[in-house]
Number of protein chains: 2
Amino acid sequence: MIDKQSPIPIYHQLEEYVKHLIENGILKPDEAIPSEREYAEQYQISRMTVRQALNNLVSDGYLYRQKGRGTFVNKQKVEQKLQGLTSFTEDMKERGMEPSSRLISFEIIPAEQQLARKLGIKENTPIYEIKRVRLADNVPMALETTYLPANLVKGLTDEIINKSLYQYIEEKLALTISEATQQIEASIAKEIEVKHLQVEQGSPVLLIVRTSFLQDGTPFELVKSAYRADRYKFVHTMQRATK
Amino acid sequence: MIDKQSPIPIYHQLEEYVKHLIENGILKPDEAIPSEREYAEQYQISRMTVRQALNNLVSDGYLYRQKGRGTFVNKQKVEQKLQGLTSFTEDMKERGMEPSSRLISFEIIPAEQQLARKLGIKENTPIYEIKRVRLADNVPMALETTYLPANLVKGLTDEIINKSLYQYIEEKLALTISEATQQIEASIAKEIEVKHLQVEQGSPVLLIVRTSFLQDGTPFELVKSAYRADRYKFVHTMQRATK
DNA sequence: CACATAAACTGGTATAGACATCTAGATTTA
DNA sequence: TAAATCTAGATGTCTATACCAGTTTATGTG
């Protein structure tokens, strides 16, 4: 199991071995693993070397320690999943629904001041504005408006939009979205939302404004969505920063 | 600088000291810090202890190492910040407002079915229920209800609640919250919210339900908050998972 | 001056041992 | 029986040392 002659560091070998046991369910969640001294004894290695291996697994979230008790296996992270940064399409599929779209409008307009600022471009720079009703299992779920700087995303057609905009962006344009910020607020459906979402006047809606950034930090798109509050909850998971 | 008699571990003292130098710009990005052997010599501590301190700073992103060259200061991450996992108090301070609370009720009740399930306890297990109006700059911002299993958090008094619940939990009880999931939805203010948030009937509110987990995955608290939609937007940042 | 080589650094890996602190269970004591 | 105490074993901290493997710099040598 542990080869002291190998050029691969011992701590790394042990690390991979224990990780393997966890990922294959041989060590179960909340089960105590052998103590540091046991590992050291069994493989005839130093306890500090064992600690180096286990510490790495702790910081990777595979294990947790309890002083005086032992070291235990963590529950398999439900999902490393895309921490919320998903497209509508991905999001709905995740929820077991069938996503679709209905294009309302698609045009090139000059960016008004606020929009220009958020997209990091000059005022009146041409941008695409795409308005769509987003459906899940053929029921209106959200009214979505996407803004894209025209210079970054050239040659957009309504055909592309109807297929997969994100796929086009990632594969054809070779642009990678690495980060996004979202603002989420509650509001009352405006007239256009009442109409397209088929809700009563005075109904609540969840407004989500997302700005996405490329790897170099360039703002890339801005999406404003109004979700039917009776059909959609925004769900996400967060980790606490290790102070 | 380093006090060997202190009950605070030496590596932690050194860690805090170097972190301080970085955060205050005394050590600049890409600047090499003293070598491990220099630190060891200067403070008369073992090199392994120095390594423990520096390793922590490396995994926290403050430093990076280059074999044979040295250890260097990382560019300050645009945001180290608590990725959204903040208390109301922290959140409001971040926004430049002065947080405060008004206790509405504080009692021990048996957990009803749904609550029990979400907290991973048996039905009718005693739990604390704490209802508070949360204020920012003395204006009602949210109505918040916190549920805590009584067996996990013993000896809670309204005095503690009025100071800092989280501080009490982390410092006195030595419990660390590592993860949380949130559900965010839009709704219309209910009667109790109309009353305490001082809004009109029919006003929209942002409902946030957060479940927090300890390091071992035990559900620890459930917080239901209703925010005034006209005063509060939920903001967060996400990274795209590296597939 | 140009170039190879050696020396003097750097961080990376590993050892063996010591003592501290915390936990859980066994044992003793009131 | 119940409470207090002890103890074995777990992780946490720390030391002193050794050697390895890269990188840089000084030192010679042609």
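Every chain is numbered from 1, with letters handed out A, B, ... down the list of sequences.
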Query raised in the report: When you check the phosphate oxygens OP1 and OP2 of C/dT13, does a side-chain N or O of A/Q52 lie under 4.0 Å from one of them?
Result: yes
Query raised in the report: Is A/T71 near enough to D/dT11 that one of its side-chain N or O atoms lies under 4.0 angstrom from OP1 or OP2?
Result: yes
Query raised in the report: Nearest-Å distance, CD (B/Q66) to C1' (C/dG11)?
Result: 11 Å
Query raised in the report: Using the benzene-type ring in the case of Trp, are the ring centres of B/Y147 and B/Y128 under 6.0 Å apart?
Result: no
Query raised in the report: C/dT13 C1' sits how many Å from A/N56 CG, rounded?
Result: 12 Å
Requested in this report: Check the distance between C/dT15's P and A/E41's CD and give it to me in whole angstrom.
Outcome: 13 Å
Query raised in the report: How many Å lie between CD on B/E15 and C1' on D/dT13, as a whole number?
Result: 13 Å
Query - Nucleotide D/dT24, atom C1' - distance to CZ of B/F72 in whole Å - result: 11 Å
Query raised in the report: In whole Å, what is the span from the CD atom of B/E36 to the P atom of C/dG12?
Result: 6 Å
Report task. Send over the distance from B/I2 CD1 to D/dT15 P, rounded to a whole Å. Result -> 10 Å
Query raised in the report: B/T218 side chain to B/F220 main-chain N or O, any donor-acceptor pair under 3.5 Å?
Result: no
Requested in this report: For the pair A/Y227 and B/E185, evaluate side-chain hydrogen bond (donor to acceptor under 3.5 Å, both in side chains) and give the outcome as yes or no after the intermediate values.
Outcome: CA-CA 9 Å; A/Y227 284 86; B/E185 61 185 304; over 6 Å; no
Report summary line: The answer to which of B/M48 and B/P34 contacts DNA chain C further toward the 5' end, by nearest nucleotide, is B/P34
Report task. Please determine if a side-chain N or O atom of A/R65 lies less than 4.0 Å away from the OP1 or OP2 oxygen of D/dG12. Result -> yes
Query raised in the report: Taking NZ, NE, NH1 and NH2 as the nitrogens, is one of them in B/E36 or B/R65 under 4.0 Å from a carboxylate oxygen of the other?
Result: yes
Query raised in the report: Is there side-chain contact between B/L143 and B/K131, with at least one heavy-atom pair below 4.5 Å?
Result: no
Query raised in the report: Between D/dC14, C/dA18, C/dC22, which nucleotide gets closest to the side-chain atoms of B/I10?
Result: D/dC14
Report summary line: Quick note, A/K67 side chain, CB onward, closest among D/dA21, D/dT13, C/dT21 is C/dT21
**Report entry** B/I22 backbone acceptor or donor facing B/K28 side chain under 3.5 Å
**Finding:** no
Query - Separation of atom CD in A/Q44 from atom P in C/dT15, rounded to whole Å - result: 10 Å
Query raised in the report: Below 4.0 angstrom from OP1 or OP2 of C/dT10, is there any side-chain N or O of B/S35?
Result: yes
Query - Residue whose nearest DNA chain D nucleotide is more 5′ - A/N55 or A/G68 - result: A/G68
Query raised in the report: Quick one: is A/K4 getting a side-chain N or O under 4.0 Å of the C/dT15 phosphate, OP1 or OP2?
Result: yes
Query raised in the report: What about A/R69: does its side chain form a donor-acceptor pair under 3.5 Å with the base of D/dG9?
Result: no
Requested in this report: Check every strand shown and say whether A/E38 touches a base, only sugar-phosphate, or nothing at a heavy-atom separation below 4.0 Å.
Outcome: sugar-phosphate
Requested in this report: Test for a donor-acceptor pair under 3.5 Å between the base of D/dT11 and the side chain of A/R37, counting only N and O atoms.
Outcome: yes
Report summary line: Quick note, A/Y11 side chain, CB onward, closest among D/dT13, D/dT15, C/dT13 is C/dT13
Query raised in the report: So, is B/T49 near the phosphate of D/dT13, with a side-chain N or O under 4.0 Å from OP1 or OP2?
Result: no
